[in-house]
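Scroll down for the structure; my scribbles are underneath it.
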2 protein chains.
Amino acid sequence: MTDKPDSPLPPTTRRRRRHGGLTLRDVAKLAGVAPITASRALNTPDAVSPEILARVREAVERTGYVPNILAGGLASRQTRLVAAIVPTISSPVFLEMIEALTRSLTAAGYQLMLGQSGYADSREEELLEAIIGRRADGVVLTGVLRSPLARRRLLASGIPVVETWDLTPTPVDMLVGFSHSRLGSAVAAYLHERGRRRVAIISATDERARQRTDAFIQTAQALKLAGPDGQVPARYVAAPTTVGHGRTGLRELLAAHPDIDAVFCSSDSLALGVLNEAHAQGIAVPGRLGVIGLGDQGFARDLSPALTTVRIDGNLIGETAAHYILERIAGRQVAEPVCDIGFTIVERSTI
Amino acid sequence: MTDKPDSPLPPTTRRRRRHGGLTLRDVAKLAGVAPITASRALNTPDAVSPEILARVREAVERTGYVPNILAGGLASRQTRLVAAIVPTISSPVFLEMIEALTRSLTAAGYQLMLGQSGYADSREEELLEAIIGRRADGVVLTGVLRSPLARRRLLASGIPVVETWDLTPTPVDMLVGFSHSRLGSAVAAYLHERGRRRVAIISATDERARQRTDAFIQTAQALKLAGPDGQVPARYVAAPTTVGHGRTGLRELLAAHPDIDAVFCSSDSLALGVLNEAHAQGIAVPGRLGVIGLGDQGFARDLSPALTTVRIDGNLIGETAAHYILERIAGRQVAEPVCDIGFTIVERSTI
DNA sequence: ATGAAAGCGCTAACAC
DNA sequence: GTGTTAGCGCTTTCAT
């Protein structure tokens, strides 16, 4: 029979790494219960007797104990963390969604972890790595995931995913968005219906902006809103779109095509710039020039003339996305986890 | 001699909870090394022979392994997470700081976790709890921490803290901000210097706005910029300040005090509203009315007339805060971890 | 209802 | 340079 040696050091000298942080064990000891009982008192209060519950709560109160979510998450495989990736938080169009997401998730006891990809694929992959690394319980993506590698990894991670702000026949998982091409077409049709006959566009250059622009131009051409050469005058600006871009955009557009009578701007900031430039040049809006923006930012309704724009219900996107994620986390399958929330043209006074 | 019983179950039947997730052990096995060696290959590549490094990297590549940061953080007591609390991300003034923070932290291999307190103390405590619970390596606060309980808890947690956007003689830990009262005074003095003689103010109502307003009014009175009754006309609006607030603010101000010749707005959005309302009423800016904003948002320079405003270098706040936190994490004591970054009045055309 | 033991996936500490 | 061992602080599993 082999005699197993005792541990090389006496128990009290056993190397410990504790750095003085307060742990559940300390609380449990103070309450005179086992750690697991203290854990239950905190997580499933109904599963312990009222008396013990009170004792544990008092111990927590007295010590100021804050549970280590890392340790809990590691053991339970639940991090109560949902990540969202947006191109940028500087663009007000995403703000509404982020706030709705924060609200819904917080209410459900989850925390939102926000990442900015800056419209760059490489950064998107980095963020995804951080998200998977932290074992987020869910991910909300802005736009659809393009990189096949990123798609595969995310899928392999098993994390519930909602893609937003766009529609695609092949979502990674769940989807809530709207059709950018239909939006572009709708705006062209709207301008036509309002009697405009020579339209132009100032647009950003990201993928979704491109979809809107293409559709806008195509529909405009079909409706004979193009110039004599069959072209629809367009200016492209890099994100983020600014008021300054709107001003120079209109200036250039007007210089080359003095006969345009309406401009579709791919953001309300651009539209504000166009309005400003028109004012500076003494061009009547909507009299001689119609302007339509995108985003329905707060200021749109407050300008004079009030800005006609296209509204996307970011709030609904955020709430729906949160709902999808939370359902999936709860183990329920969402029946039809694809949602087209559409868009609305908000008629005001600039067209 | 007591015979220690073997483990109650044979090793192979030992209960395991593994749910199929890829772990470092799998990677190590594939590379033919011990887990710790694989860990070193990933975290301290220099501490490992090139040949083994290559083998581990290949194993990672082939399996698509993503380290579990929770587990790593738990063991190493480093989460590579820095949290920031801002009142709201809808207010563009904080955006620049957030972006600088994100940039600096990302570059150093840290992740920013953003929380919105919504100007409410209760929410601030909740967020703090989440931050301590996740064992963030640092916290950046917007404004100074008021609740004594929150101060104590944060201090007790040992997490490095930077308070921003304000100055106080008694910071919790580190500080980078500017004096809101000095700002208010400076604006009053500036208006005086520019020849204005009846000034007014439209302001938000949060703590820092109040400091600015008080100082503005006091200095204005001292410089004889008040009305005949010795009062400085003021409108107060709840956050978030909007263009609409600016419009109604000016309307009300003018109705009650037709002789005012300058307005200090506590945000550029308010100023934009004032500009709009003035335009709608045919009031010349800067001729009859001077306008000064706060924040130097992107559009300020692009308006016509271009908006005179007060610039806060959010970028510098973010970078400095990140620097302080990172230094502290690295175990270095920052010599003077209090920084007044001041402010700048940006002269343009509305005054 | 409560507790003991084991393990979540990783790294610090200590050998060799 | 590489490996062994023992945790990090919590929750799951199983037993009482």
Side-chain angles (χ1 to χ4, degrees), chain A residues 5-9 11 13-29 31-56 60 65-80 132-135, chain B residues 5-9 11 13-29 31-56 60 65-80 132-135:
Chain A
D6 285 342
S7 46
L9 297 165
T13 321
R14 265 240 302 284
R15 72 182 127 140
R16 306 207 95 276
R17 268 191 273 160
R18 297 199 54 194
H19 287 296
L22 202 58
T23 76
L24 187 60
R25 221 169 51 183
D26 304 321
V27 173
K29 203 171 294 170
V33 296
I36 181 61
T37 305
S39 169
R40 287 193 185 108
L42 295 176
N43 299 316
T44 50
D46 295 336
V48 298
S49 67
E51 193 226 346
I52 285 194
L53 179 57
R55 259 157 51 200
V56 172
V60 168
Y65 168 71
V66 180
N68 185 326
I69 305 183
L70 266 64
L74 184 58
S76 69
R77 312 175 142 276
Q78 276 233 58
T79 54
R80 310 224 122 227
I132 299 175
R134 290 196 196 275
R135 302 298 189 263
Chain B
D6 284 342
S7 47
L9 297 166
T13 321
R14 265 241 300 286
R15 70 186 130 141
R16 306 208 97 273
R17 268 190 274 159
R18 298 197 54 194
H19 288 296
L22 203 57
T23 75
L24 186 61
R25 220 169 53 183
D26 304 322
V27 172
K29 204 171 293 173
V33 296
I36 183 66
T37 305
S39 169
R40 289 194 184 107
L42 296 176
N43 299 316
T44 50
D46 295 336
V48 132
S49 70
E51 191 226 345
I52 285 194
L53 179 57
R55 258 159 50 201
V56 171
V60 168
Y65 168 72
V66 180
N68 185 327
I69 305 182
L70 267 63
L74 185 57
S76 69
R77 313 181 138 274
Q78 278 233 56
T79 54
R80 311 223 123 228
I132 299 176
R134 291 195 196 276
R135 301 298 188 264

Value in whole Å for how far the C1' atom of C:dG3 lies from CZ of A:R25: 15 Å
Spacing of B:R80 atom CZ relative to C:dC10 atom C1', expressed in whole Å: 15 Å
Quick test of your reading: applying salt bridge (charged side-chain N to carboxylate O under 4.0 Å, His left out), list the pairs with at least one residue in residues 42-53 of chain A, sequence neighbours left out, ordered by first then second residue. A:E51-A:R55
Send over the distance from B:I69 CD1 to C:dT11 P, rounded to a whole Å. 10 Å
Let's see if you can work this out: which of C:dG9, C:dG3, D:dC10 has an atom nearest to the side-chain heavy atoms of B:L74? C:dG9
Length of the CG-P vector between A:L70 and D:dC10, whole Å: 11 Å
Check every strand shown and say whether B:P35 touches a base, only sugar-phosphate, or nothing at a heavy-atom separation below 4.0 Å. nothing
May I ask you to verify if any side-chain N or O of A:R135 is less than 4.0 angstrom from the OP1 or OP2 atom of C:dC8? no
Please determine whether a side-chain nitrogen or oxygen atom of A:Y65 lies at a distance below 4.0 Å from atom OP1 or OP2 of D:dC10. yes
Interatomic distance where CZ belongs to A:R77 and C1' belongs to C:dG7 [whole Å]: 10 Å
Closest nucleotide among D:dT4, D:dG9, D:dT12 to the A:I36 side chain: D:dT12
Expected output check: what is the dot-bracket annotation of DNA chain D, where ( ) and [ ] are pairs inside the strand (brackets for crossing ones), | is paired with another strand, and pairs are Watson-Crick or G-U under 3.5 Å? ||||||||||||||||
Any residue in residues 39-56 of chain A with a heavy atom nearer than 4.0 angstrom to DNA chain D? Just list them by number, or reply none. A:S39, A:R40, A:N43
Could you give the CD1-to-C1' distance, from A:I132 to C:dG9, as a whole number of Å? 16 Å
Would you mind reading off the distance between A:Q78 atom CD and C:dG9 atom C1', rounded to a whole angstrom? 17 Å
Separation of A:N68 CG from A:L74 CG (nearest 0.5 Å): 9.5 Å
Please state how far atom CG in A:L22 lies from atom C1' in D:dC10, giving the value in whole angstrom units. 14 Å
From C-beta outward on A:S76, which listed nucleotide comes closest to its side chain: D:dG3, C:dT11, D:dT11? D:dT11
